[in-house]
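What follows is a single structure, written as structure tokens, with notes after it.
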Amino acid sequence: MLITSFETTITVSTHSVDEFEYEAIAHLDADISPALPYLNATLSRGIYLPVKPALSWRHEGRNIGFWPQRIAVDHLESREQVAEVIQQLVDLVNRVWDQRAEIEPDHTTHERLQPLEVYRLLPQTNCRACGESTCFNLALKLVAAQAELTSCQPLYEDPAQADQRAALEMMLASKWPAL
Ligand code: SF4
């Protein structure tokens, strides 16, 4: 186990009278720099900057940052959710660290996924079944982790789209890693 304790500071960002969100930083008792290349190898769509070092990750519409002695996350709805998500992230770092012998560390910086790459694999019919006016709009939201691929029904209903769907699922995988 790398992180044994942490303290969380919470900030409230107000967008309007009744619209606000929580941002949180967990201040860690350990330097997690050595774990970042293992996290980079494990997290889909993470952006690792070895010089800082830092790793940013989009998960469930949230921006998550891993630094040597802190973890930051935004777009949280309540203090209960802050506690839950921060604990999940700490557990994730510890799990990856504990299983590092089975993981090939990745010290490279991956390119951020581009909307055009996603758009090329969508049906490009602009049918609006996903609620977006164009396929490109859905591609923009998919890249920003603000939409789910399953909202494109034609991709799942048309057998001719199976290969594109599989490629997109791999490209957009942002699931909590099962280690
Ligand atoms: S449902 Fe799929 S095909 Fe239709 S507009 Fe949305 S992304 Fe395009």
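Atoms within a ligand are numbered from 1 in the order they appear, just like the ligands themselves.
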Ignoring hydrogens and angles, write down the donor-acceptor pairs under 3.5 Å from the side chains of residues 145-155, residues two or more places apart or on other chains.
residue	atom	partner	partner atom	Å
Ser151	OG	Glu148	O	2.7

| said: Under a plain distance cut-off of 3.5 Å, with no hydrogens placed, do Thr8 and His27 share a side-chain donor-acceptor pair? | reply: no
| remark: Distance col, row Gln81:CD vs Tyr22:OH, nearest 0.5 angstrom, shows 10.5 Å
| remark: Near atom 4 (Fe) of ligand 1, meaning under 2.8 Å, the protein N/O/S atoms are Cys127 SG
| Which other residues end up in the same hydrophobic cluster as Phe136, if Ile, Leu, Val, Met, Phe, Trp and Tyr are linked when side-chain heavy atoms come under 4.5 Å apart? | Leu116, Tyr119, Leu140
For residues 159-166, which side-chain donor-acceptor pairs fall under 3.5 Å, sequence neighbours excluded?
none

| query | With no hydrogens and no angle check, is any side-chain donor or acceptor of Arg70 less than 3.5 Å from a backbone partner on Ile25? | reply | no
